[in-house]
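Notes for the one structure printed next.
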Amino acid sequence: MKVYNFSAGPSVLPEEVLQTAAAQMCDWQGSGQSVMEMSHRSKTFEPIIQNTENLLRRLMHIPENYDVLFLQGGASTQFAMVPMNLKKGGKAAYVNTGVWSKKALAEAKKYLQAEEIASSQDKNFTYIPAVNKIEGDYDYAHITLNNTIMGTHWKHIPETGKGLDGKSIPLVSDISSCILSEPLDVSRFALLYAGAQKNLAPAGVTLVIIRKDLVTDNPIDGTPTMLQYKTHTENASMYNTPPCWNIYMMGLVLEWIEKNGGAAGMKERNEKKANLFYDYLDKSDFYFSPVEKNSRSLMNIPFLTREKDAEKAALLNKEFVSEAEKAGLVNLAGHRLVGGMRASLYNAMDIQGIHALIDFMEGFAKARA
Ligand code: PMP
């Protein structure tokens with residue numbers, strides 16, 4: 001039985017992409033080899049990585065003065081690579097919008113003086129703090145554009161003031177769970193990173209988009225070769241063996257995005273899905289969304305029942321998740337750190353999936369009325 005998969009990542013991939021990958025599995029375009037078997041330095045693999053990079057540059061309108069890197073280690077490795085490579089004066093600004101930004105901040109603290117300049121912890125991270133401009137003697141500023149666990153999303157990109165060198169403070173962002181879900185002005189950022197296992201590819205490749213002037217010769221002392229951006233920019237992501245299969249899969253996903261209207265097409269598709277679901281939650285007297293309306297994510301939608309008794313609520317959540325699974329709606333449990341339920345509606349999720357989810361939710365609520 002085909003299920004609707006609401007996982008926060010690894011997550012649903014377009015059916016068409018999986019079919020293409022299956023058809024090409026044993027013999028990529030008459031090469032007589034599977035992409036999994038190719039030498040990363042071969043003439044056969046070269047057009048595959050090139051195609052992925054070209055598509056990404058086209059779809060995200062990445063300016064010429066940015067490098068695109070296909071790395072490993074997940075977004076979590078970027079939590080360390082960013083401070084190790086961008087440290088100059090020794091201070092960085094972090095906005096704390098939940099679990100992932102907290103982790104990024106904690107990691108940065110190992111290498112420099114990372115300051116939490118704003119936080120939404122006072123309301124359990126259910127909103128994005130009003131940070132319009134970041135100023136101070138910072139080497140860079142960091143935000144998590146979409147908060148996968150809390151279900152919040154920045155609707156504006158903060159400006160940055162001048163840093164110690166008289167230039168704008170570089171803005172760094174984790175875009176793991178919203179990359180290509182809608183158009184994004186890359187030029188507003190100095191560095192973007194994303195684990196690809198949500199909107200782009202299977203788990204195993206991490207994308208970094210870095211403005212060339214940030215690739216320095218002098219990361220902090222002791223930075224391993226593999227954790228220096230320079231190593232990867234100088235070798236076009238081929239210093240060592242890159243995750244070839246994932247880069248190929250990303251190319252197929254990007255082709256699907258392009259065929260479906262690019263970033264703008266994804267936005268339209270995602271807004272339709274998310275609006276349908278939020279409207280349902282907002283009208284429901286059984287469920288609700290804990291997230292403030294102007295901070296809501298299009299990609300990850302946590303929701304709770306209105307049951308006030310904590311024990312009863314936990315039991316209800318458990319029943320919900322298990323009955324949903326039986327109905328072919330899988331991975332709806334909230335993150336283990338926050339509980340409740342969460343539906344992730346990444347690009348590849350079809351609107352039929354939301355209709356099926358709402359139908360199920362309606363039946364579950366009625367049975368308990
Ligand atoms: N940042 C965000 C916003 C995430 O959602 C995740 C994973 N869910 C991570 C970082 C960690 O990514 P990875 O597992 O690729 O290290």
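Just so it is clear, the values below take in all heavy atoms, side chains as well, and ignore hydrogens, waters and symmetry mates. Predicted model, so just to flag it, every value in this text is computed and none were measured. Counting starts at 1 for both ligands and their atoms, following the listed order. Numbers for residues simply follow the sequence, beginning at 1.
- With ligand atoms numbered from 1 in the order given, ligand 1 contributes 10 (C) to contacts under 4.0 Å with heavy atoms of F79.
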Item to complete: Kindly indicate, with the supporting measurements, whether the criterion ring pair (Phe, Tyr, Trp, His ring centres under 6.0 Å) is fulfilled by Y280 and F303.
Response: CA-CA 11 Å; Y280 174 70; F303 57 98; 8.9 Å; no

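- Nearest protein heavy-atom contact of atom 6 (C) of ligand 1 is W100 CE2, 3.5 Å.
- Ligand 1 has Q197 within reach: a non-hydrogen atom of the residue lies less than 4.0 Å from it.
- Between K87 and Y111, the shortest heavy-atom distance links the atoms NZ-O, 2.9 Å.
- More than 12 heavy atoms of other residues, nucleotides or ligands lie within 6.0 Å of NZ in K212, so this atom counts as buried by the packing criterion.
- Using modelled atom types, one finds no donor on one side chain facing an acceptor on the other under 3.5 Å when comparing Q352 with Y4.
- Of all the heavy atoms of Y193, none lies under 4.0 Å from any atom of ligand 1, so neither backbone nor side chain is involved.
- Distances from atom 16 (O) of ligand 1 to the heavy atoms of S101, A194, S76, A8 put S76 nearest.
- For ligand 1, the polar-atom distance check finds an N/O of A75 within less than 3.5 Å of one of the ligand's N/O atoms.
- Between Y66 and V186 the shortest heavy-atom distance is OH-O, 3.5 Å.
- Counting protein heavy atoms only, atom 5 (O) of ligand 1 is closest to T148 OG1, 2.4 Å.
- With hydrophobic clusters built from ILVMFWY side chains whose heavy atoms lie under 4.5 angstrom apart, I209 shares a cluster with M266.
- What you find for L112 and A92 is that their closest heavy atoms are CD1-CB, 3.8 Å.
- Comparing D174, L145, T206 against atom 1 (N) of ligand 1, the shortest heavy-atom distance belongs to D174.
- The shortest heavy-atom distance from I149 to ligand 1 is not under 4.0 Å.
- K198 counts as a contact of ligand 1, since one of its heavy atoms falls under 4.0 Å from the ligand.
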Fill in: T52 vs L254, side chain to side chain contact (heavy atoms under 4.5 Å, CB included): CA-CA, chis, key distance, verdict
CA-CA 7 Å; T52 303; L254 294 173; 4.0 Å; yes

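- Short contacts between ligand 1 and N146, defined as distances under 4.0 Å to a heavy atom of the residue, involve ligand atoms 3 (C).
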